[in-house]
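For ligands, and for the atoms within them, numbers begin at 1 and follow the listed sequence. Sequential numbering from 1 along the given sequence is applied to the chain's residues.
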Amino acid sequence: LPHISRLKTYQGVSPSETLAEEAGIPLEQVIRLNGNENPYGPSPQVAEALGSFRDYNHYPDPSQRRLRGALSDYLGVAEENIVAGNGSDEIIDLLMRMFLAPGDEIIIPVPTFGMYSFSADVAGAQAVAVPRDDNFDIDIEAIRGAITPRTKAIFFPTPNNPTGNVVTEAQARALLDTGLLVVSDEAYYDFCGQTLKPLLSEYRNLVVLRTFSKWAGLAGLRIGAGAMDAELAATMMGMKPPYNVNLAAEVALLASLSDTGILLDRVDAIVKERGRMYRLLCEIPGITVWPSQANFILCKMPDGRGLEVYEAMCRRGVFLRYFDNDLLRDYIRSSVGKPEG
Ligand code: PMP
């Protein structure tokens with residue numbers, strides 16, 4: 001397996017038990033701020049619905065009728081334009097497999113979410129990293145300059161992970177006008193309210209991704225969706241694993257959508273806490289704090305002290321994400337937690 005054995009594995013976040021063991025602290029002390037999860041958990045309706053559902057002995061619907069119906073109401077997009085996935089990660093992976101042959105390229109403005117280069121790599125293709133500017137805004141000219149005959153798609157999150165800033169409509173239009181597939185990954189949409197969804201009717205080459213992992217607190221159940229051109233959606237429906245979204249995830253999604261009030265109140269609480277956290281971080285001398293539209297905040301640590309801070313926080317049970325690479329030299333990203341910790 002020459003190609004697969006060269007892959008750089010994708011490191012997701014570890015379970016709390018592993019974090020506790022590695023830091024030598026009791027499990028109850030673990031505060032997870034490294035995975036941009038929702039600290040409030042799912043809607044209380046989810047546990048109830050999962051407990052009273054009886055048909056787990058049946059396979060889920062390969063056509064996703066109920067799921068697509070519910071997602072259609074929620075997104076305001078027709079069912080034929082929607083595909084549900086095992087997390088939005090799966091939709092990313094399906095897109096790569098649909099669009100990329102070995103040797104093809106995608107463009108990713110970096111720093112960004114690691115899944116794009118990972119999935120492109122698995123497909124035998126290459127993710128061409130185009131640096132963002134000093135404010136982490138995407139650089140349209142540099143992206144245009146990186147396009148080659150092998151380029152098939154441009155992937156970006158908006159808000160971006162880990163920088164927290166959004167892509168403007170004008171920037172998105174400039175990318176869409178290249179005619180390449182443009183994937184607007186809106187995993188953190190609910191914390192900012194800005195979406196490229198209205199452009200779907202204008203551009204057949206646009207795909208908008210959403211997830212229930214963040215705003216709805218369902219990261220562990222793995223449910224996300226893509227909204228796209230109907231023909232593209234039909235092709236994706238035809239090539240996905242038939243039972244890709246499990247019944248528990250479907251039950252949880254339906255319960256969440258019947259109880260959005262509490263979930264949106266929690267989103268508001270997270271946004272409010274993000275503001276408080278931002279102001280507090282800005283008061284610390286030497287730290288550069290990036291304003292964020294998502295449920296996390298990125299900071300550049302002063303005097304190369306990031307690792308020390310990261311490790312000291314681990315010992316106290318607070319798990320953050322530490323970056324130290326060519327693009328992000330000594331940065332820390334923290335998810336927004338509960339005000340009380
Ligand atoms: N896109 C971005 C930008 C993310 O940060 C994440 C989660 N880390 C995902 C997608 C994955 O979401 P899901 O849980 O739906 O697979």
Side-chain angles (χ1 to χ4, degrees), residues 10-15 32-39 41-42 46 64 67 71 74-75 82-96 106 108-120 122 127 129 132 136 138 153-167 172 182-192 194-196 207-227 240-241 244-246 248-250 252-253 256 263 270 274 290 292-298 319-321 323 328 331 333-336:
Y10 185 78
Q11 298 283 341
V13 281
S14 299
R32 299 167 62 89
L33 300 180
N34 53 352
N36 304 337
E37 295 162 341
N38 188 321
V46 167
Q64 305 182 335
L67 266 179
L71 285 164
Y74 167 62
L75 294 171
I82 296 171
V83 181
N86 193 287
S88 47
D89 279 351
E90 188 187 27
I91 308 288
I92 295 169
D93 195 56
L94 288 167
L95 286 166
M96 300 289 183
I106 60 163
I108 52 169
V110 292
T112 196
F113 182 42
M115 193 67 195
Y116 313 132
S117 57
F118 173 72
S119 282
V122 172
R132 292 164 177 263
F136 296 126
I138 61 170
I154 304 170
F155 281 74
F156 56 81
T158 179
N160 186 40
N161 176 8
T163 59
N165 57 324
V166 294
V167 166
V182 171
V183 182
S184 175
D185 178 350
E186 302 182 359
Y188 303 99
Y189 156 77
D190 307 83
F191 305 101
C192 77
Q194 284 189 51
T195 174
L196 297 179
V207 174
V208 172
L209 303 182
R210 294 288 179 82
T211 180
F212 281 65
S213 295
K214 314 295 178 181
W215 74 279
L218 295 181
L221 281 172
R222 314 302 302 125
I223 177 92
K240 72 175 181 59
N244 62 327
V245 178
N246 70 73
E250 177 178 323
L253 177 137
S256 302
L263 294 172
I270 291 168
R274 176 180 77 198
W290 299 90
S292 169
Q293 308 260 50
N295 66 344
F296 52 81
I297 294 184
L298 183 72
F319 293 88
L320 306 169
R321 176 75 193 267
F323 297 94
L328 296 173
Y331 280 70
R333 187 195 69 195
S334 173
S335 310
V336 177

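- In terms of protein heavy-atom proximity, atom 15 (O) of ligand 1 is closest to Thr211 OG1, 2.5 Å.
- Using a 4.0 angstrom heavy-atom cutoff, Lys214 counts as in contact with ligand 1.
- Contact atoms of ligand 1 toward Tyr188: 3 (C), 4 (C), 5 (O), 7 (C), 8 (N) (distance under 4.0 Å to a heavy atom of the residue).
- Atom 6 (C) of ligand 1 has Phe113 CZ, 3.4 Å as its closest protein atom, hydrogens excluded (heavy atom only).
- The N/O atoms of Asn36, backbone and side chain alike, include none that comes under 3.5 Å of an N/O atom in ligand 1.
- For Arg210 and Tyr189, the positive end sits near the middle of the six-membered ring, less than 6.0 Å away and at most 45° from its axis.
- Listed for the Asp190 side chain is no donor-acceptor partner under 3.5 Å among the backbone atoms of Phe212.
- Within the 4.5 Å cutoff, side-chain heavy atoms of Leu71 are placed close to those of Leu253.
- No N or O atom of Tyr116 sits closer than 3.5 Å to an N or O atom of ligand 1.
- Here the side chains of Asn36 and Arg321 are not in contact, with every heavy-atom distance at 4.5 Å or above.
- Closest to atom 12 (O) of ligand 1 among all protein heavy atoms lies Ser88 OG, 3.1 Å.
- Smallest separation of non-hydrogen atoms from Ser213 and Arg222: OG-NH1, 3.6 Å.
- Under the 4.0 angstrom criterion for non-hydrogen atoms, Gly224 is not in contact with ligand 1.
- In terms of protein heavy atoms, atom 1 (N) of ligand 1 is closest to Asp185 OD2, 2.5 Å.
- Protein heavy atom at the shortest distance from atom 14 (O) of ligand 1 is Ser213 OG, 2.6 Å.
- Atoms of ligand 1 lying under 4.0 Å from at least one heavy atom of Arg222, given by number and element, are 13 (P), 14 (O), 16 (O).
- Between Asn86 and ligand 1, not a single N/O pair is under 3.5 Å apart.
- Close approach to Pro157 involves these atoms of ligand 1, each under 4.0 Å from a residue heavy atom: 3 (C).
- Counting heavy atoms closer than 4.0 Å to ligand 1, residue Phe212 contributes nothing at all.
- Residue Ala249 comes nearest to Leu221 through the heavy atom pair CB-O, 3.5 Å, listed as atom of the first residue, atom of the second, then distance.
- For atom 11 (C) of ligand 1, the nearest protein heavy atom (residue, atom name, distance) is Asp89 OD1, 3.2 Å.
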- Mind running side-chain contact (heavy atoms from CB on, under 4.5 Å) on Phe156 and Thr112 for me, showing each step along the way? CA-CA 7 Å; Phe156 56 81; Thr112 196; 5.6 Å; no

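- The side-chain heavy atoms of Pro157 and Tyr116, taken from C-beta on, include a pair separated by under 4.5 Å.
- Arg274 places no side-chain N or O within 3.5 Å of a backbone atom of Val336 that could act as its donor or acceptor partner.
- Minimum interatomic distance between Cys192 and Val166 (heavy atoms only, all atoms of both residues): SG-CG1, 4.2 Å.
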